[in-house]
There are 2 protein chains.
Amino acid sequence: MDELKRQFVEDFGLYFESTGLTRMEGRIIGWLLICDPPHQSMGDLVEALGASKSSISVALRTLVTLYLIEQVRVPGERRDYYRASSDMWTRSFRARMHQLIELRDLAEHGLTLLAEMPKAQRKRLELMRDMNDFLAQEFPKLLDRWDEIKREKGYD
Amino acid sequence: MDELKRQFVEDFGLYFESTGLTRMEGRIIGWLLICDPPHQSMGDLVEALGASKSSISVALRTLVTLYLIEQVRVPGERRDYYRASSDMWTRSFRARMHQLIELRDLAEHGLTLLAEMPKAQRKRLELMRDMNDFLAQEFPKLLDRWDEIKREKGYD
DNA sequence: CGGTTTGTTCGGTCAATACCGAACACTACG
DNA sequence: CGTAGTGTTCGGTATTGACCGAACAAACCG
């Protein structure tokens, strides 16, 4: 892997680390987006990323669990291959949607705690709930529109 | 602080820890959303959260820097007060918007690396770029619509 | 049934960092 | 100027967790 690609992969690592995944998981995603061919075995990844088998192994499992990458089993071959999921971005977008719902629920919970308090006290939490509720309703519509555009553009 | 509120505050700590802030910062935000009065001094926070002055101090500074809370200086008083920003949720939403732009830029960067490669190789990154571009364009519109709703509801 | 290739699990190490207590700085007022 | 009251900075501690190497397991071949 040349220096520029290594940099690209490292940037991915840093980005995904900032979003809650591990750096290694981010690196794998980055690499799977630029590698040739697009599917890679564990051995390929060990070599390309210069990481240990064990680190790659656990990172791969996590990413598969999150549906961010797909495991490709070739019949007759011992090796498994991995590739970036075609819907990985909508997946992670949905995960963010879920965070909005968490926030809305937190606000609801707080409002029950302040049930006896005057309106002015409760306003902070009502604002929080309503905003996250609004966004949680709008996000799926955005996804639908994106699917539409994707089809128009001839992806998939 | 009673047990239920402590739980609420702790939930906030965990939530914000999962988004990249520290647990203490999350606890402060949680507390500032349910406390009475809505503005609190450092001493109030030290007592309410049972944390050290130093931890509170650095957490407050971070939150102020991020515009998630506001510092209220009362003339004639030595103490500073802090309260949850009225626009804290739009602030953090904008921060997420910025993450989309980062992703789009990462994709662009990758595409320059694959400039010589055939279309099929580049497709993964084009999809990534286009989706994040789409969302980065739509998010501000969502915020505008939310502002509208907020005004109708009589917040602000 | 050995032996080779592939993948997982485990123990240990190292780095990062959240938090604390204490020392230090600043401010306002007597 | 001195003294409370208020806020920041610093060193140390303890926890967390990402990563590695090696041992282990499992699958497939001769």
Side-chain angles (χ1 to χ4, degrees), chain A residues 6 9-32 37 39-66 68-83, chain B residues 6 9-32 37 39-66 68-83:
Chain A
R6 187 171 306 281
V9 163
E10 209 52 39
D11 287 346
F12 255 79
L14 290 174
Y15 178 83
F16 279 94
E17 191 175 39
S18 83
T19 74
L21 295 183
T22 69
R23 199 175 294 196
M24 191 63 74
E25 284 151 12
R27 283 192 276 244
I28 290 175
I29 291 176
W31 176 244
L32 287 180
H39 54 91
Q40 301 271 294
S41 71
M42 246 191 67
D44 295 337
L45 291 166
V46 166
E47 193 196 0
L49 303 181
S52 73
K53 245 194 333 176
S54 56
S55 302
I56 302 284
S57 175
V58 319
L60 283 176
R61 175 190 279 264
T62 307
L63 291 174
V64 169
T65 304
L66 296 174
L68 295 182
I69 66 175
E70 289 163 350
Q71 198 165 4
V72 186
R73 304 177 184 275
V74 180
E77 272 221 60
R78 273 195 265 210
R79 233 184 314 252
D80 283 351
Y81 291 96
Y82 298 89
R83 68 164 176 235
Chain B
R6 188 171 306 281
V9 163
E10 209 53 38
D11 288 346
F12 255 78
L14 289 173
Y15 177 82
F16 279 95
E17 190 174 40
S18 83
T19 72
L21 294 185
T22 70
R23 199 176 291 197
M24 190 63 74
E25 283 151 12
R27 282 193 277 245
I28 289 176
I29 291 176
W31 176 243
L32 288 180
H39 53 91
Q40 301 269 293
S41 71
M42 248 190 67
D44 295 337
L45 291 167
V46 166
E47 192 196 2
L49 303 181
S52 74
K53 245 193 333 174
S54 55
S55 302
I56 302 285
S57 176
V58 319
L60 283 176
R61 174 188 279 263
T62 307
L63 291 173
V64 168
T65 304
L66 296 174
L68 295 182
I69 66 175
E70 290 163 350
Q71 199 165 4
V72 186
R73 305 177 184 274
V74 179
E77 271 221 61
R78 272 193 265 209
R79 231 183 315 251
D80 284 351
Y81 290 96
Y82 299 88
R83 67 164 177 234

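Numbered from 1 within each chain, the chains take letters A, B, ... in sequence-line order.
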Looking at [X] and [Y], what are the two nearest heavy atoms and their distance?
| X | Y | answer |
| --- | --- | --- |
| B:Arg73 | B:Asp80 | NH1-OD2, 3.3 Å |
| B:Arg79 | B:Ser41 | CD-CB, 3.2 Å |
| A:Val74 | A:Tyr81 | CG2-CD1, 3.8 Å |

Rounded distance (nearest 0.5 Å) linking atom [atom1] of [X] with atom [atom2] of [Y]:
| X | Y | atom1 | atom2 | value |
| --- | --- | --- | --- | --- |
| A:Ile56 | A:Arg27 | CD1 | CZ | 8.5 Å |
| A:Leu63 | A:Ile29 | CG | CD1 | 5.0 Å |
| A:Leu68 | A:Ile28 | CG | CD1 | 11.0 Å |
| B:Met24 | B:Leu49 | CE | CG | 7.0 Å |

Name all residues meeting the side chain to side chain contact (heavy atoms under 4.5 Å, CB included) criterion together with B:Ser54; count only those two or more places apart in sequence or in a different chain, and write none if there are none. B:Ser52

In residues 23-31 of chain A, which ones come under 4.0 Å of DNA chain D, going by heavy atoms? A:Arg23, A:Met24, A:Arg27

Where along residues 13-22 of chain A does a heavy atom come under 4.0 Å from DNA chain C, residue by residue in number order? none

Would you kindly say whether B:Gln71 and B:Tyr82 are connected by a side-chain donor-acceptor distance under 3.5 Å? yes

What pairs meet the salt bridge (Lys or Arg N to Asp or Glu O under 4.0 Å) rule with one or both residues in residues 47-66 of chain B, with sequence neighbours excluded? none

Can you list every salt bridge (Lys or Arg N to Asp or Glu O under 4.0 Å) pair that touches residues 13-26 of chain B, not counting sequence neighbours? B:Glu17-B:Arg23

Does the side chain of B:Ser55 get closer than 4.0 angstrom to OP1 or OP2 of C:dC20 through an N or O atom? yes

Under 4.0 Å from OP1 or OP2 of D:dC20: is there any side-chain N or O of A:Ser52 that close? yes

Round to a whole Å and report the spacing from [atom1] of [X] to [atom2] of [N].
| X | N | atom1 | atom2 | result |
| --- | --- | --- | --- | --- |
| B:Gln40 | D:dG7 | CD | C1' | 17 Å |
| A:Leu60 | D:dA18 | CG | C1' | 15 Å |
| A:Leu45 | C:dT8 | CG | P | 12 Å |
| B:Ile56 | D:dT6 | CD1 | P | 16 Å |

Given protein heavy atoms under 4.0 Å, the one-letter contact record of nucleotides 1-7 of chain C, with B base, S sugar-phosphate only and - none, is simply ---B-SB

Identify, between A:Glu77 and B:Val58, the residue whose nearest nucleotide on DNA chain D lies closer to the 5' end. B:Val58

